Structure formats: structure tokens, C-alpha cells
J.: 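The structure follows.
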Amino acid sequence: MIVRGLHFSFGADGDAALGTLFYPGDDRRLDEARLTGQVPADAADAPWPIVVVLPGINVAPDSYRWLAHRLVADGLCVVTYAAIGSLGPAGRGITPGLDLAALAPDTIGTRPSSTALGPLLACLAELAADEQCPVAGHLDLVRVVVGGHSAGGTTALHNSDPSWVPGLQAVFAYAAHTMVATALGHGEAAVAPIPAKVSMLLLGGADDGVIAASRDRYRTDDGTHDPVRRTFAEAIHRQQGDSWLVELSGAGHFAICDPVDTTSGRSFLEPESATADPAVQELLGNLIAAFIAASLGRPSRANMEQLVEQPSVSHWDRR
């Protein structure tokens with residue numbers, strides 16, 4: 001088995017978006033792809049559950065390709081994407097596709113806030129039905145996991161309702177929270193509740209310089225700014241033993257990214273040491289893989305109970 005990528009485009013509420021679907025390719029049939037580059041699927045583990053990774057602001061999806069490789073090796077299909085849309089005062093750039101009006105005080109929690117997930121899943125359904133596509137008939141559209149990084153993780157959290165995301169089984173997020181900006185009309189340091197109708201995994205870095213530098217958005221300057229822990233404690237009311245909070249020591253905001261694009265985004269807010277530890281990245285991949293396996297009832301190389309006891313885990317909680 002080799003990991004292969006299939007590129008496609010879709011529209012996210014008027015914004016152009018480019019997606020890549022990573023799937024298990026059959027390395028015994030490379031000769032069939034010598035002219036097209038389209039390697040037939042290795043369907044041994046098909047149909048594959050789908051994992052969608054939502055990007056952070058101005059974080060190119062290639063930063064999450066390592067995670068796609070890690071999860072495809074477990075018999076999953078992984079989709080990364082980048083929509084190009086409004087970033088508010090920051091102009092335009094890469095966005096996970098977020099409807100800010102849906103996060104206003106009078107509408108939050110009443111409707112989906114993701115502008116990309118619906119069109120993306122509809123596009124995947126078309127690919128699965130296209131007999132000329134190497135993944136035709138191999139996508140399990142009723143077993144969907146949505147994860148994200150930074151703003152992408154926040155979008156995943158706010159849309160953790162299967163009635164909004166068909167097939168949704170679990171949600172994970174790194175360096176993300178649901179503390180809402182006062183600019184949207186919320187009170188100071190307000191943490192918004194989320195649907196949390198599926199199992200949840202919140203991952204964070206103990207040395208997250210971006211979250212620390214963003215406290216002005218929430219008017220929290222009293223030295224207790226910890227929105228990831230507060231999100232787990234206050235926003236997730238699910239109590240079924242399948243939701244986790246895991247904090248990694250020495251990890252920064254971009255520890256989930258490889259490579260880290262230093263020409264874009266806010267990586268300059270952190271030292272390189274907060275993003276470049278291969279051991280932290282390996283643990284992150286194993287935690288996400290184990291959580292997905294548990295959520296889907298699939299076998300895993302390790303389980304969450306074992307992984308949270310690793311020395312690199314500085315804090316964890318479960319509910």
C-alpha cells in the first residue's frame with residue numbers, strides 16, 4: 001500500500017476551495033498509472049471512513065499531509081483543503097470556511113457555522129459515484145470524522161452535530177477553543193457551548209504562543225487565559241467517557257504542522273523549538289489515530305489510556 005492524493009475543487013459559500021483526498025493506493029498496479037499518475041486504490045480495507053482536516057488561518061493544507069499519511073496507514077481516507085475567503089481586517093487568505101454571523105450571540109448553536117463541510121462532503125459523494133475515479137465505491141460516507149487546527153479546530157467544534165454534518169462520528173481539534181471574540185458581540189472571556197453530540201478530543205500545547213498573544217480578542221489580561229481547558233470544562237456537556245482533553249508539554253500552536261510555513265500566518269509568535277519536536281508530532285499522530293479508532297470501533301496500535309500516560313503529556317482529562 002502507498003499513499004496517493006486525488007485533487008479536486010469545490011465551492012464553499014462562494015469561496016473557491018482546493019481539496020486533496022489521500023487514499024490507500026495499490027503499489028502492485030503502478031504500471032497502470034504510468035501515463036496518468038492515477039494509481040488504483042488498494043481496496044483491502046475499503047470502504048474507508050473519511051477524516052476531514054480543517055486548516056488554520058493562512059496555514060497551507062500541505063502542513064497536514066504528514067497526518068494524512070499517518071491515518072491512511074490505518075485504513076482511513078483523509079481530506080485536506082484550503083478555501084480562499086475573507087479574513088476580516090486581515091484581508092483575504094486561507095480559511096477553513098467560517099460563517100461568523102452564525103456565531104453571533106443570538107444565532108450561535110442554532111445553525112451550522114461551517115461553509116465548507118457541506119459542499120466538501122457533497123463533492124466526495126460525487127467522486128465516490130464516479131466510476132472513472134480511483135476511489136469509486138470505496139468511501140464510507142456514513143463514518144465521518146472532522147478535525148482541525150486553530151480556527152479549523154474551532155470550526156470543527158462548533159459543528160459537532162451529525163444533523164449538520166452527515167455521517168459525523170467524532171471531532172478532534174488541536175490548538176482550538178470556543179472562547180468567542182468580543183467583536184462578535186459576546187461578553188468578555190465568554191466560552192460558547194458546542195453541540196458535542198459525538199465523541200470529542202481537544203489537544204493543546206502547553207507553550208502555545210498564538211493563543212497567549214490573542215487574549216486581546218477576548219479582553220482577558222488577568223494571567224488566567226486558558227481557553228482550551230475552559231472549553232473542555234465549560235463548553236462540552238457530553239458525559240459518556242469518550243471525550244478527552246490532552247495537553248502536550250513543550251508544544252506550541254504549530255506543533256501539528258510539518259512543515260511550518262514561516263512566510264504565512266503567525267508562527268513568528270513562537271520559538272522554533274515549540275514546533276520542531278518529532279517526538280511531539282509522533283505522539284500527536286498516535287493520539288488522533290487512537291481516538292478515531294475508539295470512536296469508530298476499529299483496532300488501534302495503542303489506546304488513549306496508554307498514550308495519555310506518556311511523559312510528554314503534561315495534563316489530561318476525560319469525561
Side-chain angles (χ1 to χ4, degrees), residues 51 53-54 56 64 66-67 70-71 74 145-150 152-154 156-158 160 169-179 191-212 223-258 270 273-319:
V51 181
V53 180
L54 283 64
Y64 313 113
W66 74 270
L67 181 59
R70 170 66 180 84
L71 297 178
D74 282 358
V145 175
V146 173
H149 166 225
S150 193
T154 295
L157 296 174
H158 279 298
S160 53
Q169 302 293 315
V171 166
F172 68 89
Y174 181 78
H177 56 84
T178 64
M179 186 174 282
V191 175
I194 56 179
K197 294 186 178 180
V198 295
S199 53
M200 313 287 293
L201 171 62
L202 265 67
L203 296 157
D207 296 333
D208 193 316
V210 174
I211 287 180
T224 61
H225 183 62
D226 197 341
V228 177
R229 289 197 192 187
R230 284 193 58 194
T231 295
F232 190 76
E234 302 173 32
I236 298 175
H237 301 299
R238 185 179 178 85
Q239 299 279 353
Q240 298 187 24
D242 58 0
S243 294
W244 296 80
L245 167 69
V246 184
E247 182 180 272
L248 305 182
S249 61
H253 195 77
F254 296 93
I256 197 171
C257 298
D258 185 14
E270 297 182 327
S273 60
T275 63
D277 189 340
V280 168
Q281 184 183 98
E282 181 181 8
L283 180 55
L284 266 175
N286 290 339
L287 284 163
I288 292 170
F291 170 74
I292 291 173
S295 300
L296 299 180
R298 293 164 57 91
S300 177
R301 306 177 198 178
N303 58 46
M304 292 293 294
E305 290 82 359
Q306 296 169 325
L307 292 170
V308 295
E309 297 299 332
Q310 296 291 316
S312 295
V313 174
S314 57
H315 173 79
W316 67 272
D317 198 357
R318 181 182 188 181
R319 60 171 46 162

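These figures come from a predicted structure and were not determined experimentally.
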J.: Quick check against the 3.5 Å criterion: does S300 have a side-chain atom that pairs as donor or acceptor with the backbone of A302?
T.: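 Yes, the answer is positive, given that a donor and an acceptor are paired below the 3.5 Å cut-off.
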J.: Yes or no on salt bridge (Lys or Arg N to Asp or Glu O under 4.0 Å) for R229 and D317, after CA distance, side-chain angles and deciding distance?
T.: CA-CA 9 Å; R229 289 197 192 187; D317 198 357; over 6 Å; no
J.: Would you call H315 and L245 a side-chain contact if the rule is heavy atoms closer than 4.5 Å?
T.: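 Yes. Closest side-chain heavy atoms under 4.5 Å.
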J.: Got a sec, which residues hit ring pair (Phe, Tyr, Trp, His ring centres under 6.0 Å) with H158, two or more places apart in sequence or on another chain?
T.: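 By the ring pair (Phe, Tyr, Trp, His ring centres under 6.0 Å) rule, H158 matches no residue at all.
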J.: Can you give each donor-acceptor pair under 3.5 Å made by side-chain atoms of residues 284-297, sequence neighbours left out, with the distance rounded to 0.1 Å?
T.:
{"residue": "N286", "atom": "OD1", "partner": "R70", "partner atom": "NE", "Å": "3.3"}
{"residue": "N286", "atom": "OD1", "partner": "R70", "partner atom": "NH2", "Å": "3.0"}
{"residue": "N286", "atom": "ND2", "partner": "E282", "partner atom": "O", "Å": "3.4"}
{"residue": "S295", "atom": "OG", "partner": "S199", "partner atom": "OG", "Å": "2.8"}
{"residue": "S295", "atom": "OG", "partner": "F291", "partner atom": "O", "Å": "2.9"}

J.: Roughly how far apart are I194 CD1 and H237 NE2, rounded to 0.5 Å?
T.: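 Atom-to-atom, I194:CD1 and H237:NE2 are 8.5 Å apart.
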J.: Given 3.5 Å as the limit, does a donor-acceptor pair link the side chain of E309 with the main chain of Q306, or not?
T.: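 No, E309 side chain to Q306 backbone: no donor-acceptor pair under 3.5 Å.
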J.: Just by modelled atom types, is the H177 backbone N or O under 3.5 Å from a matching donor or acceptor in the T154 side chain?
T.: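 Yes; judged by distance alone, with no hydrogens or angles, the pair exists.
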J.: Hey, does the side chain of R238 reach the backbone of R319 with a donor-acceptor pair shorter than 3.5 angstrom?
T.: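 Looks like no, no N/O pair under 3.5 Å.
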J.: Run the side-chain contact (heavy atoms from CB on, under 4.5 Å) check on L248 and L203 step by step: do they pass?
T.: CA-CA 8 Å; L248 305 182; L203 296 157; 5.5 Å; no
J.: Work out which heavy atom in S249 is nearest to a heavy atom in A206; give both atom names and the distance.
T.: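 In terms of heavy atoms, the two residues are closest at CA-CB, 4.0 Å.
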J.: Taking the side chain as everything from C-beta on, heavy atoms only, tell me whether I256 gets closer than 4.5 Å to W66.
T.: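 In contact.
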J.: If every non-hydrogen atom of V198 is compared with every non-hydrogen atom of A170, which pair is closest and at what distance?
T.: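 Looking at all heavy atoms of both residues, the closest pair is CG2-CA, 3.7 Å.
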J.: For a side-chain contact (heavy atoms from CB on, under 4.5 Å) check, start with the C-alpha distance between F232 and M200, then their side-chain angles and the critical distance, and finish with the verdict.
T.: CA-CA 9 Å; F232 190 76; M200 313 287 293; 5.9 Å; no
J.: Any sub-3.5 Å donor-acceptor pair from R318's side-chain atoms to W244's backbone N or O?
T.: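 Checked: no pair found.
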J.: Between Y64 and G56, which heavy-atom pair has the shortest distance, and what is it?
T.: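 Looking at all heavy atoms of both residues, the shortest contact is OH-N, 3.1 Å.
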J.: Write down the atom of D208, the atom of A175, and the distance for their closest heavy-atom approach.
T.: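 Scanning both residues, the minimum pair turns out to be OD2-CB, 3.5 Å.
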J.: To the nearest 0.5 Å, what is the distance between CG on L67 and SG on C257?
T.: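 Atom-to-atom, L67:CG and C257:SG are 10.0 Å apart.
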J.: Any side-chain heavy-atom pair from M304 and L201 closer than 4.5 angstrom?
T.: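 Answer yes - side chains close enough.
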J.: For the pair H149 and H253, name the ring-plane relationship: parallel under 30°, tilted 30 to 60°, perpendicular over 60°.
T.: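 Rings of H149 and H253: tilted, as their planes differ by 30° to 60°.
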J.: Going by heavy atoms in the side chains, are V228 and E247 under 4.5 Å from each other?
T.: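 SC-SC contact between V228 and E247 ruled out.
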J.: I need the minimum non-hydrogen distance between S160 and A196, along with the two atoms involved.
T.: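 It is OG-N, 2.8 Å.
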J.: Name all residues meeting the ring pair (Phe, Tyr, Trp, His ring centres under 6.0 Å) criterion together with F172; count only those two or more places apart in sequence or in a different chain, and write none if there are none.
T.: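 Expected list: none.
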J.: Could you tell me the separation between the CD atom of E234 and the CE atom of M179, rounded to the nearest 0.5 Å?
T.: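 Answer rounded to 0.5 Å: 7.5 Å.
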